[in-house]
Structures are given as C-alpha cells and as structure tokens.
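Scroll down for the structure; my scribbles are underneath it.
We count ligands from 1, going down the list as the structure has it; atoms in each ligand are counted the same way. These values consider heavy atoms only, across backbone and side chains, with no hydrogens, waters or symmetry-generated copies.
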Amino acid sequence: MNSTNILIPNHVAIILDGNGRWAKERGLKRTEGHREGYKTLKKISKYILHKGTKYLSVFAFSTENFNRPKEEVDYLMNLFIKGFKNDTWYFNKENIRVVFSGRKEKLSKEVLEAMDIMEKDTLNNTGGILNICLNYGGRAEIVDAVNKIIKDKKESITEEEFKKYLYQDLPDIDLMIRTSGEIRISNFMLWQLSYTELYFPNCYFPDFLEEEYDKALTEYTKRERRFGGLKNE
Ligand code: FPP
C-alpha cells in the first residue's frame, strides 16, 4: 500500500505481552525475554514516534505483576533502574520525552530515582511522548483520581476536568495493540481506551518490530471509527 494513504494515530498504546513465551520457545530463561523486550521497546518507540504519532503508552509492569516470583520481579526492577539511568542519551538522541504513569508506593527508592532521572533528563524533548506505565492499574488510576478530587473538595466534575486528575493528561488512545495473541485489556488505561481501535497480532513482544507495526497501521487505516455516531456517508 502507498505509505501516503496510511493513517497515523495520535496516541498509540501497547500491552507488551509474550516476553516469557518468546524466551521459552528459545530455551531461555523468562528474564531473557524481558531483556529482549526492552531492546524492542527502544526500537519500536523510536519508529512509532518518528512516524508522527505524538503519544505512545506502554504497559511495562502492572500492579498485579508484583505477584510474580521474586527473581523475575527483581530482574524487571533492575532492568528499569539500568534502563532509565543509562539510556537517557538514547531518548535524548531520538528527541523523545519519557513520562511515567502508576503508583509510586511499592517501588524502591532506586527505581523511583531512576524514573526521576529519565523524566527530568528528557523533559525538553519535543519529538513525542513515551508514557511508561509502571506499577500501573487502570482501576487504580481512576480511584486515585477520585481521591484527588475528594481532596480538592469538588462537588461535581465534567469528563474534561476528570481527565486532568489522571496520572498524565493525555488524549484518548486511537490504537491499542496487545502482542502475543491474547485478546484482553487486563486493566490497562480503562478511561483512555473508551473509543480505541484494538489490534491483537500473534507475535510475541520481542518480535514486534517495524514490519509488524506497519501491519498494525494498515489495519488501523481500514477501520471506520464512528465514536458512537452514524456512518459518514
Ligand atoms: C509481559 O510478558 C511482560 C511484562 C510483564 C514485562 C514487560 C517489560 C518489558 C518489555 C521491559 C520494559 C523495560 C523498560 C526499561 C521499560 P509476559 O512475561 O507475561 O510474557 P508471557 O505471557 O509469555 O509469560
């Protein structure tokens, strides 16, 4: 298809699923899958944001992921620490601003410091926003917003005002991709997904590279978005 006919979504979201299975199929430890997943995340976030998408949200660690074996949780936390501390140069080179969504509690001082470094060092980048959801839950985000509203002693609130109480003030998601063939939302960005087009490729996240994303865009371009209205004849 002629690339000029391809629609570029403003906000893309990805559930990074299948790292464990990717590793298992290769006789590797699950943690190797997460390491490879991070490599893919760096490549694909650059590709997506450089194509003109302004916001990319990714589900890196759910509140429930703390229930995984300690070895795996520790590995992921160390990957976050190393990645956020050592790779600010990469996101700066690619002009990508990194922000985070999720609850701070339960995250160690080291992880929080590394997140802070990444956020501050990339603050002035203008080539797109990578929103990393870490210790994140969609219901938790809504409940946390409601608690902030109660603290602000508001009596009533509009949808537009409510949005400002979420972890980040982001536009609605246009395209949500979950890799690995699982067809579930799993408590990801429930508010922002209300009118999103969903896409579920069969490949595991470490294999979700440029070619796979182009397939997602081709499919997205074919979708007819109606937002609850009538077809535009
Ligand atoms: C789900 O796959 C994936 C995760 C719980 C972790 C995702 C994290 C990354 C890709 C690394 C991101 C790194 C940084 C620094 C942001 P799974 O393990 O549930 O796979 P499975 O369903 O095949 O077991």
Side-chain angles (χ1 to χ4, degrees), residues 12-49 55-92 94 96-104 106-108 110-119 121-122 128-138 167-168 176-189 200-209 212-213:
V12 173
I14 311 181
I15 300 182
L16 316 172
D17 199 8
N19 293 345
R21 280 164 285 168
W22 181 92
K24 197 173 166 214
E25 276 188 6
R26 287 160 181 78
L28 303 168
K29 284 169 79 174
R30 293 177 53 78
T31 48
E32 292 294 309
H34 295 317
R35 198 164 64 109
E36 197 63 26
Y38 179 47
K39 281 196 209 160
T40 296
L41 177 62
K42 279 165 65 181
K43 287 187 209 152
I44 206 67
S45 55
K46 166 184 165 181
Y47 189 66
I48 292 174
L49 295 170
Y55 306 89
L56 171 64
S57 293
V58 297
F59 208 174
F61 196 88
S62 71
T63 42
E64 293 75 26
N65 286 153
F66 272 113
N67 299 326
R68 292 191 176 199
K70 186 176 180 308
E71 189 202 343
E72 187 172 342
V73 173
D74 287 349
Y75 183 92
L76 278 165
M77 292 300 149
N78 280 320
L79 188 63
F80 298 146
I81 295 168
K82 276 200 225 133
F84 303 150
K85 274 190 175 165
N86 299 341
D87 286 341
T88 52
W89 67 270
Y90 177 83
F91 294 99
N92 283 330
E94 304 306 339
I96 295 170
R97 180 177 168 199
V98 179
V99 299
F100 294 95
S101 291
R103 283 186 173 162
K104 302 262 181 277
K106 273 179 117 174
L107 293 176
S108 71
E110 288 80 7
V111 174
L112 291 171
E113 269 171 16
M115 288 162 66
D116 207 40
I117 290 171
M118 179 59 95
E119 248 177 357
D121 276 14
T122 62
I129 293 183
L130 172 62
N131 171 41
I132 300 181
C133 298
L134 205 166
N135 194 21
Y136 176 87
Y167 295 133
Q168 299 289 341
M176 198 286 283
I177 299 163
R178 181 179 188 145
T179 53
S180 91
E182 306 290 346
I183 306 178
R184 283 190 293 276
I185 302 292
S186 299
N187 200 18
F188 187 44
M189 302 189 84
F200 301 98
N202 272 321
C203 72
Y204 299 134
F205 181 67
D207 293 327
F208 190 75
L209 292 162
E212 284 293 335
Y213 182 64

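Other residues, nucleotides and ligands contribute more than 12 heavy atoms inside 6.0 Å of the NZ atom of Lys42.
Near Arg30, with a cut-off below 4.0 Å to any heavy atom, the atoms of ligand 1 are 17 (P), 18 (O), 24 (O). Every atom of ligand 1 is numbered from 1 in the order shown, and the set under 4.0 Å from a heavy atom of Arg21 is 21 (P), 22 (O), 23 (O).
Under the 4.0 angstrom criterion for non-hydrogen atoms, Ala60 is in contact with ligand 1. Ligand 1 lies out of reach of Gly83, whose nearest heavy atom is not under 4.0 Å from it.
An N or O contact shorter than 3.5 Å links Asp17 to ligand 1 by distance. Between Phe59 and ligand 1, not a single N/O pair is under 3.5 Å apart.
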| said: With salt bridge (charged side-chain N to carboxylate O under 4.0 Å, His left out) as the criterion, how do Arg21 and Glu182 come out once you've worked through the C-alpha distance, each side chain's angles and the decisive distance to 0.1 Å? | reply: CA-CA 12 Å; Arg21 280 164 285 168; Glu182 306 290 346; 3.1 Å; yes
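Each of Arg103, Lys104, Glu64 was checked for a side chain to side chain contact (heavy atoms under 4.5 Å, CB included) with Asn135, and the lone residue meeting it is Arg103.
In this structure, the ring of Phe100 has its center less than 6.0 angstrom from the ring center of Phe84. Ring pair Tyr136/Phe59: centre-to-centre distance below 6.0 Å.
By the 4.0 Å N-to-carboxylate-O rule, Lys29 lies too far from Glu32 to be salt-bridged with it.
Scanning all heavy atoms of the two residues, the minimum distance from Asp87 to Tyr38 falls at OD2-OH, 2.8 Å. Shortest non-hydrogen contact noted between Gly18 and Ser180 is CA-CB, 3.8 Å.
Counting protein heavy atoms only, atom 13 (C) of ligand 1 is closest to Tyr38 CD1, 3.5 Å. Of all protein heavy atoms, the one closest to atom 5 (C) of ligand 1 is Asn65 OD1, 3.6 Å. Looking only at heavy atoms of the protein, atom 2 (O) of ligand 1 is closest to Gly18 N, 3.4 Å. Protein heavy atom closest to atom 4 (C) of ligand 1, with residue, atom name and distance, is His34 CE1, 3.8 Å.
By the criterion of a heavy-atom distance under 4.0 Å, the side chain of Leu41, and not its backbone, is placed next to ligand 1.
The structure places OG of Ser45 at 5.0 Å from CG of Leu130, a figure rounded to the nearest 0.5 Å.
When Arg68, Lys82, Glu64 are checked for heavy-atom proximity to atom 17 (P) of ligand 1, Arg68 turns out nearest. Here the shortest heavy-atom distance to atom 1 (C) of ligand 1, taken over Asn19, Leu16, Ile15, belongs to Leu16.
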